[in-house]
**Student:** 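Questions regarding the structure given below will be posed in turn.
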Amino acid sequence: MRVTLLEKALPPQEELVSTATQALSQLLSLMGIPGQVRPAYGGEGTTPEEIVLEVWGPSLGSLIGRRGQTLASLQYLVNLIVSRRYKAKTTVSVDVAGYRRRRQQALRSLALRVAERVKETGHSITLEPMSAVERRQVHLTLRDDPLVATFSIGEGKGRKVVISPRKR
Amino acid sequence: MKELIEYIAKAIVDNPDDVTVSEELEGDLLVLKLHVAPEDMGKVIGKQGRIAEAMRTLLRVVAIRRRTRAMLQIV
């Protein structure tokens, strides 16, 4: 977990996990969405200290939203609630029904597929707009590929990744 | 929906006792009015309205599930 100390140190991780779990459960219950929240550790691409809260339940599609927009708001508010309480910044990830994990895998295969196409044609390809976390996933996937380069263009919500051939 | 906004606002302001949310029905539109202490306005709006936007996103999900329309005003 990346933390920035503002006024006081963060409490032990178990306490953070339990406060964040409570906050997320409370939000779901007030939204009238039945779902169970459970902390997950050691998932692919996470460090052991990273807190990931998973929500499982029936019909959670509306909790994810278009391009994960609702999920992003939910995660943002949970972090806000927890960090205001401890006066320190927290990085809690929220996942709903495995959405983030699936999206990560989908991004990885998209990146590899598009990179192949770029190598075949010799032309750059621009992907659709993505969040910072998603763009990072694309950059990381192709980081070690000597034949393509990746960079981002555009501002704010319209920022997107370009995959282009690398001259040798 | 009132309780949802109340819970979030109380959890992120410095003066939770000053948080109130009132509901008014305008036709089929439910208007939620969030009041906070003047010094807490920034805490519920956020930079570039990001916090207010996140609350509205959750509100929209609930409204759609209940087949109604809702709107959040910060006053």
Side-chain angles (χ1 to χ4, degrees), chain A residues 6-7 16 18-35 37 55 57-90 92-94 96-97 99 131-132 155-159, chain B residues 1-23 25 28 30-74:
Chain A
L6 298 179
E7 284 166 45
L16 259 184
S18 117
T19 305
T21 304
Q22 270 171 35
L24 181 54
S25 305
Q26 185 69 17
L27 286 174
L28 294 177
S29 133
L30 290 171
M31 290 174 78
I33 294 178
V37 179
V55 183
S59 65
L60 293 172
S62 61
L63 211 49
I64 296 169
R66 213 168 73 90
R67 281 209 199 117
Q69 200 204 352
T70 311
L71 178 53
S73 294
L74 204 58
Q75 173 173 308
Y76 179 63
L77 288 171
V78 167
N79 278 289
L80 212 57
I81 292 169
V82 178
S83 56
R84 285 277 154 83
R85 168 130 164 210
Y86 296 114
K87 307 256 187 294
K89 203 166 185 280
T90 58
V92 177
S93 297
V94 176
V96 172
Y99 170 81
S131 70
E155 293 297 322
K157 284 182 179 167
R159 210 159 154 75
Chain B
M1 296 195 230
K2 177 175 181 259
E3 290 75 21
L4 174 67
I5 298 302
E6 218 164 56
Y7 168 71
I8 298 171
K10 280 182 191 276
I12 60 178
V13 298
D14 289 332
N15 309 283
D17 293 344
D18 293 343
V19 172
T20 57
V21 182
S22 64
E23 287 179 318
L25 208 54
D28 64 341
L30 181 69
V31 181
L32 296 165
K33 291 187 174 164
L34 168 62
H35 303 255
V36 298
E39 62 269 32
D40 280 330
M41 282 299 268
K43 295 252 162 69
V44 291
I45 294 172
K47 278 183 199 139
Q48 282 150 20
R50 197 169 164 205
I51 299 172
E53 192 188 311
M55 289 196 284
R56 288 188 175 112
T57 302
L58 297 196
L59 199 61
R60 198 177 313 127
V61 170
V62 180
I64 291 170
R65 284 175 78 95
R66 297 189 187 169
R67 295 191 166 73
T68 162
R69 294 193 303 137
M71 188 179 142
L72 173 66
Q73 286 180 354
I74 297 166

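In what follows, chains carry the letters A, B, and so on, assigned in the order in which the sequence lines appear, proteins first and then strands, with residues in each chain numbered from 1.
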**Student:** For K43(B), is it the side chain, the backbone, both, or neither that has a heavy atom closer than 4.5 Å to a heavy atom of chain A?
**Tutor:** both
**Student:** Tell me, please, which residues at least two apart from D17(B) pass side-chain hydrogen bond (donor to acceptor under 3.5 Å, both in side chains).
**Tutor:** none
**Student:** I'd like to verify something: which residue of T57(B), V62(B), I12(B) has the highest number of heavy-atom pairs under 4.5 Å with chain A?
**Tutor:** I12(B)
**Student:** Among T70(A), V55(A), L28(A), which one satisfies side-chain contact (heavy atoms from CB on, under 4.5 Å) with V96(A)?
**Tutor:** V55(A)
**Student:** Do you know which of L59(B), I51(B), D14(B) has the most heavy-atom pairs under 4.5 Å to chain A?
**Tutor:** I51(B)
**Student:** Find the one option among R50(B), E53(B), M1(B), E3(B) whose heavy-atom pairs under 4.5 Å with chain A are most numerous.
**Tutor:** R50(B)
**Student:** Main chain of V36(B), side chain of D18(B): is a donor-acceptor contact present, judged purely on distance under 3.5 Å?
**Tutor:** no
**Student:** Let's go through L16(A) and Y86(A) carefully: what are the C-alpha distance in whole Å and the side-chain angles of both, what is the deciding distance for side-chain contact (heavy atoms from CB on, under 4.5 Å) to 0.1 Å, and is it a yes or a no?
**Tutor:** CA-CA 9 Å; L16(A) 259 184; Y86(A) 296 114; 3.8 Å; yes
**Student:** With a 4.5 angstrom heavy-atom cut-off, which part of I64(B) approaches chain A: side chain, backbone, both or neither?
**Tutor:** neither
**Student:** Measure distances from A72(A) to the heavy atoms of chain B and classify the residue's part below 4.5 Å as side chain, backbone, both or neither.
**Tutor:** neither
**Student:** Spell out, as yes or no, whether a donor-acceptor pair under 3.5 Å connects the side chain of D40(B) to the backbone of N15(B).
**Tutor:** yes
**Student:** So, do L71(A) and L63(A) sit near enough that their side-chain heavy atoms are less than 4.5 Å apart?
**Tutor:** no
**Student:** Given heavy-atom pairs under 4.5 angstrom as the criterion, report whether the side chain, backbone, both or neither of I81(A) touches chain B.
**Tutor:** both
**Student:** Is R56(B) in contact with chain A via its backbone, its side chain, both, or neither, using a 4.5 Å heavy-atom distance?
**Tutor:** neither
